[in-house]
Amino acid sequence: MSTVARDNSHDNIFKAMKDITFDKTVSHQCGVTMSDSVEARAIAEFMDAKPGVTVTYNPALIRIDGSGKLIFKMDEISEFLGREMTAELFEVNSSTHYGRMVRTDDNTVILFGDMNEMLEYI
């Protein structure tokens with residue numbers, strides 16, 4: 001585990017069962033779980049600098065979570081990574097996601113927590 005991952009592991013979205021309350025509200029959360037890799041770590045570090053994004057490092061997985069929507073721009077990630085990142089490579093690195101995933105073009109993948117906002121893309 002890298003120093004960045006180790007230092008950031010204390011911030012995560014997971015709670016102990018005793019701290020969970022069940023109510024009938026919509027969270028508008030969305031996120032992606034990625035297999036730990038060079039690409040996934042670069043995406044996580046890049047996204048962690050954005051407001052409202054929480055990155056959780058686990059031994060083999062990295063979670064990137066947000067509220068409302070998460071926008072992944074492949075050209076920005078490519079510049080941060082130092083080599084090309086495509087939407088296809090992004091999806092290959094994604095183990096799973098929650099929220100609605102929409103590819104608006106070859107450069108942009110958006111995860112929506114608010115289903116009403118996503119409706120303009122279908």
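Numbers for residues simply follow the sequence, beginning at 1.
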Subject >> Nearest-0.5 Å distance, CD1 of residue I62 to CD of residue E45 >> reply: 9.0 Å

Name every donor-acceptor pair, under 3.5 Å, that has one atom in a side chain of residues 110-122 and the other anywhere in the protein, sequence neighbours excluded.
{"residue": "D114", "atom": "OD1", "partner": "N116", "partner atom": "N", "Å": "3.0"}
{"residue": "E117", "atom": "OE2", "partner": "K69", "partner atom": "NZ", "Å": "2.8"}

Original post:
If you take all heavy atoms of D105 and T108, which pair is closest and at what distance?
Top reply: OD1-N, 2.8 Å

Original post:
Should we say atom CD of E79 is surrounded by more than 12 heavy atoms from elsewhere, each under 6.0 Å from it?
Top reply: no

**OP:** Keeping the roles fixed (side chain from N107, backbone from D75), state whether a donor-acceptor pair exists under 3.5 Å.
**Re:** yes

Subject >> Closest non-hydrogen atom pair between N93 and S37, with its separation >> reply: OD1-OG, 3.0 Å

Subject >> Pairwise side-chain contact, D65 with Y98, heavy-atom cut-off 4.5 Å (strictly under) >> reply: yes

Original post:
Would you find a donor on one side and an acceptor on the other, under 3.5 Å apart, between the side chain of S78 and the backbone of M85?
Top reply: yes

Subject >> Shortest non-hydrogen contact from A44 toward V55 >> reply: O-CG2, 3.5 Å

Original post:
Does some side-chain heavy atom of F90 sit less than 4.5 Å from a side-chain heavy atom of M34?
Top reply: yes

Original post:
Can you name the closest pair of heavy atoms from L70 and G31 and give their distance?
Top reply: CD1-CA, 3.9 Å

Subject >> Steps toward side chain to side chain contact (heavy atoms under 4.5 Å, CB included) verdict (I64, V53) >> reply: CA-CA 7 Å; I64 303 170; V53 174; 3.8 Å; yes

Subject >> C30 side, atom SG; M101 side, atom CE - distance, nearest 0.5 Å >> reply: 10.0 Å

**OP:** Please examine the side chains of I77 and M74, heavy atoms only from C-beta on, and report whether any two atoms are closer than 4.5 Å.
**Re:** yes

Original post:
If you draw a 6.0 Å radius around CZ in R103, do more than 12 non-hydrogen atoms from other residues or ligands fall strictly inside?
Top reply: yes

Original post:
ring pair (Phe, Tyr, Trp, His ring centres under 6.0 Å): which pairs involve residues 26-54, sequence neighbours left out?
Top reply: F46-F80

Original post:
Residues in salt bridge (Lys or Arg N to Asp or Glu O under 4.0 Å) with K50, at least two apart?
Top reply: E76

Original post:
Is there a side-chain contact between L81 and V38, using heavy atoms and a 4.5 Å cut-off?
Top reply: yes

**OP:** List the atom of M47, the atom of I71, and the distance in Å for their closest heavy-atom pair.
**Re:** CE-O, 3.6 Å

Original post:
Between S95 and S35, does any side-chain donor sit less than 3.5 Å from a side-chain acceptor?
Top reply: yes

**OP:** Check whether any side-chain heavy atom of T86 sits under 4.5 Å from a side-chain heavy atom of D106, and report yes or no.
**Re:** no

